[in-house]
K.L.:
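Please read through the structure below; I'll follow up with questions.
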Amino acid sequence: MRIATFNVNGIRTRLPNLLAWLERERPDVACLQELKAGDEAFPADALRELGYEALWRGQRSWNGVAILSRHGPPVPVRRELPGDPADDHSRYLEAAIEGLVVACLYLPNGNPQPGPKFDYKLAWFERLIRHAHGLCRSTHPVLVCGDFNVVPTDALDIYDPRSWRKDALLQPESRACWERLLAQGWTDALRSLNPDAKVFTFWDYFRQHWQRDAGMRIDHLLLNPVLAPCLQAAGVDRWVRGEAHASDHAPTWVELDLSRLPGGR
DNA sequence: ATGGCCAGTTATACTGGA
């Protein structure tokens with residue numbers, strides 16, 4: 001089973017790109033972020049024509065997340081991250097698909113920092129760490145994926161950190177949260193299979209960063225200890241970033257062999 | 001230190017992104 005995460009940066013203008021990717025790569029499950037559209041604008045019919053059932057939580061103008069599945073409709077588990085009833089951002093979805101728990105998240109960007117947006121990012125991260133603790137210890141297989149808006153290291157996860165020193169994605173506080181999350185026992189799929197390689201998932205629209213391969217790794221897929229033995233491969237569909245009118249992110253995926261789960265399937 | 005490029009908005013300049 002192949003599961004991908006893709007920050008589409010606007011599902012309305014990006015629908016042709018999204019459909020082209022789904023048709024060519026045929027992921028079994030796709031987690032989307034930054035729909036930038038209300039619930040009523042979600043293109044459920046176009047996705048169903050390609051064989052995908054969807055669960056979504058939109059929001060006007062910004063945020064918005066969705067989980068697509070071509071193995072029957074995703075069974076909703078949560079539509080929000082616990083811990084702050086006043087938080088109305090559409091940034092989290094959790095669903096069950098064929099016995100697998102899939103969480104799709106869009107962690108706050110946090111710029112500019114310092115400031116209230118950075119505070120919100122760290123508070124959201126704390127809530128995620130709290131909730132992920134239970135997911136990691138679950139006896140069920142769990143995958144948590146999405147746009148984490150964290151560049152884990154200077155050495156491997158960004159083309160050159162110098163001009164990004166003050167950016168929220170590289171701050172020690174952001175990275176400390178990421179490390180605490182991983183320390184629960186999660187496997188960072190892309191990094192575990194590429195321990196020494198620079199692998200990017202995002203290239204901004206400025207200064208020909210895509211053409212120069214000046215990217216960073218901020219889209220991540222985490223496997224809990226039950227699921228980790230199933231990890232077969234991980235990668236980035238870079239061709240999607242090179243298309244006309246592309247999102248600034250590329251789809252990032254894992255290939256899982258679920259027959260390796262305890263009990264087998 | 002700044003700004004470069006995008007998408008969306010009840011738009012024709014701004015916010016948010018990262």
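Here is the naming used below: chain letters follow the sequence lines, and residue numbers restart at 1 for every chain. Values below: every heavy atom of this structure, side chains too, minus hydrogens, waters and symmetry copies.
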K.L.:
Counting only side-chain N and O atoms of A:Arg91, is one of them less than 4.0 Å from OP1 or OP2 of B:dG17?
P.N.:
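For B:dG17, OP1 or OP2 has a side-chain N or O of A:Arg91 closer than 4.0 Å.
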K.L.:
Touch check for A:Asn7, heavy atoms < 4.0 angstrom, all strands: base, sugar-phosphate only, or nothing?
P.N.:
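Sugar-phosphate: the residue A:Asn7, judged by heavy atoms under 4.0 Å, touches backbone atoms but no base.
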K.L.:
Write down the distance separating the P atoms in B:dG3 and B:dC14, rounded off to the nearest Å.
P.N.:
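Between the two P atoms, the distance is 14 Å.
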K.L.:
Using 30° and 60° as the class limits, which term best fits the ring planes of A:Phe125 and A:Phe148: parallel, tilted or perpendicular?
P.N.:
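Correct class here is tilted.
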K.L.:
Quick one: label A:His249 by what it contacts on the DNA or RNA (base, sugar-phosphate, nothing), any heavy atom closer than 4.0 Å.
P.N.:
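Here A:His249 touches the backbone only, sparing every base.
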K.L.:
Here's a test of your reading of the structure: between A:Thr13 and A:Glu34, which maps to the more 5' nucleotide of DNA chain B?
P.N.:
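Whichever sits nearer the 5' end wins; that is A:Thr13.
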K.L.:
Kindly point out which of B:dT9, B:dA1, B:dG17 is positioned nearest to the side chain of A:Arg12?
P.N.:
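My answer, after comparing the listed nucleotides, is B:dT9.
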K.L.:
Please classify the nucleic acid contact of A:Arg14 as base, sugar-phosphate, or nothing, using heavy-atom distances under 4.0 Å.
P.N.:
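Contact class for A:Arg14: sugar-phosphate only.
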K.L.:
Charged N to carboxylate O below 4.0 Å: is that the case for A:Glu80 and A:Arg91?
P.N.:
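Result for this pair is no, no salt bridge flagged.
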K.L.:
Do A:Arg24 and A:Trp239 form a cation-pi contact, if we require the NZ or CZ to be under 6.0 Å from the six-membered ring centre and within 45 degrees of the ring's axis?
P.N.:
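Flagged: A:Arg24 positioned over aromatic ring of A:Trp239.
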K.L.:
Output the single nucleotide from B:dG16, B:dA1, B:dT9 whose closest atom is nearest the side chain of A:Lys36.
P.N.:
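That would be B:dG16.
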K.L.:
What nucleotide, of B:dG4, B:dG17, B:dA1, holds the atom closest to the side chain of A:Arg207?
P.N.:
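When the side chain of A:Arg207 is considered, B:dG4 is the closest of B:dG4, B:dG17, B:dA1.
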K.L.:
In whole angstrom, give me the gap between the P atoms of B:dT2 and B:dC6.
P.N.:
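B:dT2 and B:dC6 have their P atoms separated by 23 Å.
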K.L.:
Which is more 5' along DNA chain B, the nucleotide nearest A:Leu169 or the one nearest A:Ala37? Just name the residue.
P.N.:
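Closest to the 5' end, via its nearest nucleotide, is A:Ala37.
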K.L.:
If you measure from the C1' atom in B:dG17 to the same atom in B:dG4, how many Å do you get, rounded?
P.N.:
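After rounding to an integer number of Å, I get 14 Å for this pair.
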K.L.:
Measuring only the C1' atom in each nucleotide, how far is B:dC5 from B:dT10? A whole number of Å is fine.
P.N.:
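Their C1' atoms lie roughly 24 Å apart.
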K.L.:
What interatomic distance, in whole Å, is found between C1' of B:dA11 and the corresponding atom of B:dG16?
P.N.:
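The same atom, C1', in both gives a distance of 15 Å.
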K.L.:
Please work out whether the ring planes of A:His209 and A:Trp164 are parallel, tilted or perpendicular, with thresholds of 30° and 60°.
P.N.:
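Correct class here is tilted.
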K.L.:
Under 4.0 angstrom, heavy atoms only, what part of the nucleic acid is A:Asn111 near: base, sugar-phosphate, or nothing?
P.N.:
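Since a base atom lies under 4.0 Å of A:Asn111, the category is base.
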K.L.:
Contact class for A:Tyr106 vs. all strands (heavy atom < 4.0 Å): base, sugar-phosphate, or nothing?
P.N.:
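Result for A:Tyr106 = sugar-phosphate.
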